[in-house]
Novice: 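This is the structure, below, for whatever I ask next.
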2 protein chains.
Amino acid sequence: MDAVDREIIGHLMRDGRATYAEIGAGVGLSAPAVKRRVDQMRLRGQITGFTALTDPAALGWSTEAYVEIYYDGNVSAAELKRSLEAIPQIVGAWTVAGNADAIVHVMATSMTEIEQVVERMREHAKVERTRSAIVMSRLFERPRSR
Amino acid sequence: MDAVDREIIGHLMRDGRATYAEIGAGVGLSAPAVKRRVDQMRLRGQITGFTALTDPAALGWSTEAYVEIYYDGNVSAAELKRSLEAIPQIVGAWTVAGNADAIVHVMATSMTEIEQVVERMREHAKVERTRSAIVMSRLFERPRSR
DNA sequence: GCTGAAAACACATCCTT
DNA sequence: AAGGATGTGTTTTCAGC
């Protein structure tokens with residue numbers, strides 16, 4: 001993991017379908033050399049995959065929310081992951097230190113659907129309360145590298 | 001935008017570097033037909049790009065936080081975007097309805113760096129207060145399609 | 001949306017430093 | 001160990017249908 005690897009990652013984050021020759025031209029390496037480095041970074045788990053970026057609104061996901069969950073007593077991270085991952089509208093979840101115990105990111109097609117998801121989360125026995133923030137506008141979201 | 005387009009998006013989200021032939025085999029189309037649909041979806045802004053997925057921890061981004069911002073008076077979304085986008089550790093920002101006015105997602109290499117980012121956000125004249133949640137563990141995060 | 005041909009690319013092998 | 005060059009098979013891409 002040196003400066004060249006980071007340059008390659010930066011290039012792949014800006015264009016995940018860039019050809020190895022194209023990346024090589026940017027970092028001063030041949031295409032096979034770039035591929036070898038990418039393969040190694042995947043093997044080491046630094047690059048975990050490639051994906052298409054979509055505009056949620058253009059695909060019908062018009063409503064988005066961040067919901068904090070406050071639990072009553074201790075809940076293991078594994079249990080949290082299991083119960084939250086089962087709800088398809090939850091696209092991300094993190095345990096946090098601060099006021100709440102966990103934050104989940106919900107994407108849905110309507111406000112009604114958001115409400116249903118929150119209801120479903122509250123079914124978990126140990127959920128004491130939730131606190132929602134409905135997203136009005138996404139200012140920006142960018143890939144990050146180092 | 002029909003069912004086939006959605007299948008193609010799903011495939012590209014699972015593997016952003018999949019070949020058109022490969023996708024075509026899955027959806028029952030030839031490679032050129034798949035490419036035409038992908039090009040159209042990019043043109044229509046439904047697919048906004050392709051990127052590499054990385055493991056933040058493996059790249060040195062060991063510390064992560066969600067910070068709510070409460071503003072004193074009105075701040076335009078454009079002004080928010082301008083001031084927040086200038087801070088590189090902020091990887092996402094949304095205006096919200098709920099308790100806070102905005103939520104920002106911060107990724108950094110250390111707790112100290114998180115503190116510095118929060119300090120820098122508070123320099124904005126109209127920031128009344130902030131409320132941080134430090135991420136302890138990322139339970140999951142998944143791409144979403146429809 | 002398919003077919004077919006030309007160009008570009010990926011991938012493996014070998015060779016150099 | 002790490003990169004460059006070469007050859008082969010695939011993939012992309014642009015016609016024409």
Side-chain angles (χ1 to χ4, degrees), chain A residues 1-62 109 141-146, chain B residues 1-62 88 107 109 141-146:
Chain A
M1 191 70 205
D2 58 3
V4 178
D5 279 345
R6 278 188 278 274
E7 268 193 83
I8 291 173
I9 286 189
H11 202 115
L12 281 172
M13 284 188 143
R14 286 189 300 276
D15 178 8
R17 283 183 81 90
T19 66
Y20 295 127
E22 198 178 331
I23 300 166
V27 303
L29 280 168
S30 69
V34 173
K35 179 181 158 34
R36 271 197 290 263
R37 280 172 176 269
V38 172
D39 287 345
Q40 279 169 7
M41 287 192 280
R42 294 195 71 159
L43 222 60
R44 289 198 294 259
Q46 293 164 338
I47 294 176
T48 56
F50 295 91
T51 192
L53 298 172
T54 57
D55 178 355
L59 294 171
W61 298 88
S62 52
T109 56
E141 202 168 1
R142 61 182 159 212
R144 52 272 185 179
S145 70
R146 174 152 289 251
Chain B
M1 191 73 205
D2 59 2
V4 178
D5 279 345
R6 278 189 279 274
E7 267 193 83
I8 292 173
I9 286 188
H11 202 115
L12 282 172
M13 285 187 142
R14 284 188 301 277
D15 178 9
R17 282 183 83 90
T19 67
Y20 297 128
E22 198 179 329
I23 300 166
V27 303
L29 248 57
S30 69
V34 173
K35 177 181 161 31
R36 268 217 306 249
R37 280 172 176 268
V38 172
D39 287 346
Q40 279 169 8
M41 286 192 279
R42 294 196 71 158
L43 222 61
R44 288 196 296 258
Q46 292 163 339
I47 293 176
T48 56
F50 294 91
T51 192
L53 298 172
T54 56
D55 178 354
L59 294 172
W61 298 89
S62 52
M107 297 216 60
T109 56
E141 202 168 1
R142 61 182 159 212
R144 52 273 186 180
S145 70
R146 174 150 289 254

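Convention: sequence-line order gives letters A, B, ...; per-chain numbering from 1.
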Novice: From the set D/dA2, D/dG3, C/dC2, return the single nucleotide nearest to any side-chain atom of A/A33.
Specialist: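 Closest nucleotide among those given: D/dG3.
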
Novice: Rounded to the nearest 0.5 Å, what separates atom CZ in A/R37 from atom CE in A/M1?
Specialist: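 Between atom CZ of A/R37 and atom CE of A/M1 there are 9.5 Å.
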
Novice: To the nearest angstrom, how far is B/D39 atom CG from D/dT13 atom C1'?
Specialist: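 Answer to the nearest Å: 10 Å.
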
Novice: Considering only heavy atoms from C-beta outward, does the side chain of B/L53 approach that of B/E141 to under 4.5 Å?
Specialist: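 Sidechains of B/E141 and B/L53: no contact.
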
Novice: With a 3.5 Å cut-off and just heavy-atom distances, do the side chain of A/R37 and the base of D/dG3 make a donor-acceptor pair?
Specialist: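 For A/R37, whose side chain was compared with the base of D/dG3, there is no donor-acceptor pair (under 3.5 Å).
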
Novice: Check the distance between D/dC14's C1' and B/Y20's OH and give it to me in whole angstrom.
Specialist: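 In whole Å, D/dC14 C1' and B/Y20 OH are 14 Å from each other.
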
Novice: Counting only side-chain nitrogens and oxygens, does A/K35 get under 4.0 Å of the OP1 or OP2 atom of C/dA10?
Specialist: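 No.
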
Novice: Ignoring hydrogens and geometry, is there a side-chain-to-backbone donor-acceptor pair from A/R17 to B/A18 under 3.5 Å?
Specialist: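 Judged by distance alone, yes, a pair lies under 3.5 Å.
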
Novice: Please give, in whole Å, the distance from D/dA2 P to A/L43 CG?
Specialist: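 Roughly 13 Å, once rounded to whole Å.
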
Novice: Within the structure, does a side-chain N or O atom of A/S30 lie under 4.0 Å from either OP1 or OP2 of D/dG3?
Specialist: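 The answer is no; no side-chain N or O of A/S30 sits under 4.0 Å from OP1 or OP2.
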
Novice: Just wondering, do A/V27 and A/H11 contact through their side chains at under 4.5 Å, heavy atoms?
Specialist: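 No, side chains not in contact.
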
Novice: In this structure, how many angstroms lie between the C1' atom of D/dA2 and the CD atom of A/Q40, rounded?
Specialist: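 Interatomic distance, CD of A/Q40 to C1' of D/dA2: 9 Å.
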
Novice: Any side-chain N or O of B/R17 below 4.0 angstrom from OP1/OP2 of C/dA10?
Specialist: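 Checking B/R17 against C/dA10: at least one side-chain N or O falls below 4.0 Å of OP1 or OP2.
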
Novice: What's the separation between atom CZ in B/F50 and atom CG in B/D15, rounded to the nearest 0.5 Å?
Specialist: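 Reported to 0.5 Å precision, the distance equals 10.5 Å.
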
Novice: For A/E22 and D/dT11, give me the distance from atom CD to atom P, rounded to whole Å.
Specialist: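 Rounded to whole Å, this separation is 19 Å.
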
Novice: Using whole Å, what does the distance between atom P of nucleotide D/dA2 and atom CE of A/M1 come to?
Specialist: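 It works out to 14 Å between those atoms.
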
Novice: Kindly point out which of D/dT13, D/dT12, D/dT6 is positioned nearest to the side chain of B/P32?
Specialist: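 For B/P32, the side-chain atoms sit closest to D/dT13.
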
Novice: Roughly how many Å is it from CZ in A/R36 to C1' in C/dC15, rounded to a whole number?
Specialist: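 Atom CZ in A/R36 sits about 11 Å away from atom C1' in C/dC15.
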
Novice: Separation of B/I23 atom CD1 from C/dG1 atom P, in whole Å?
Specialist: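 So the CD1-P distance, B/I23 to C/dG1, works out to 14 Å.
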
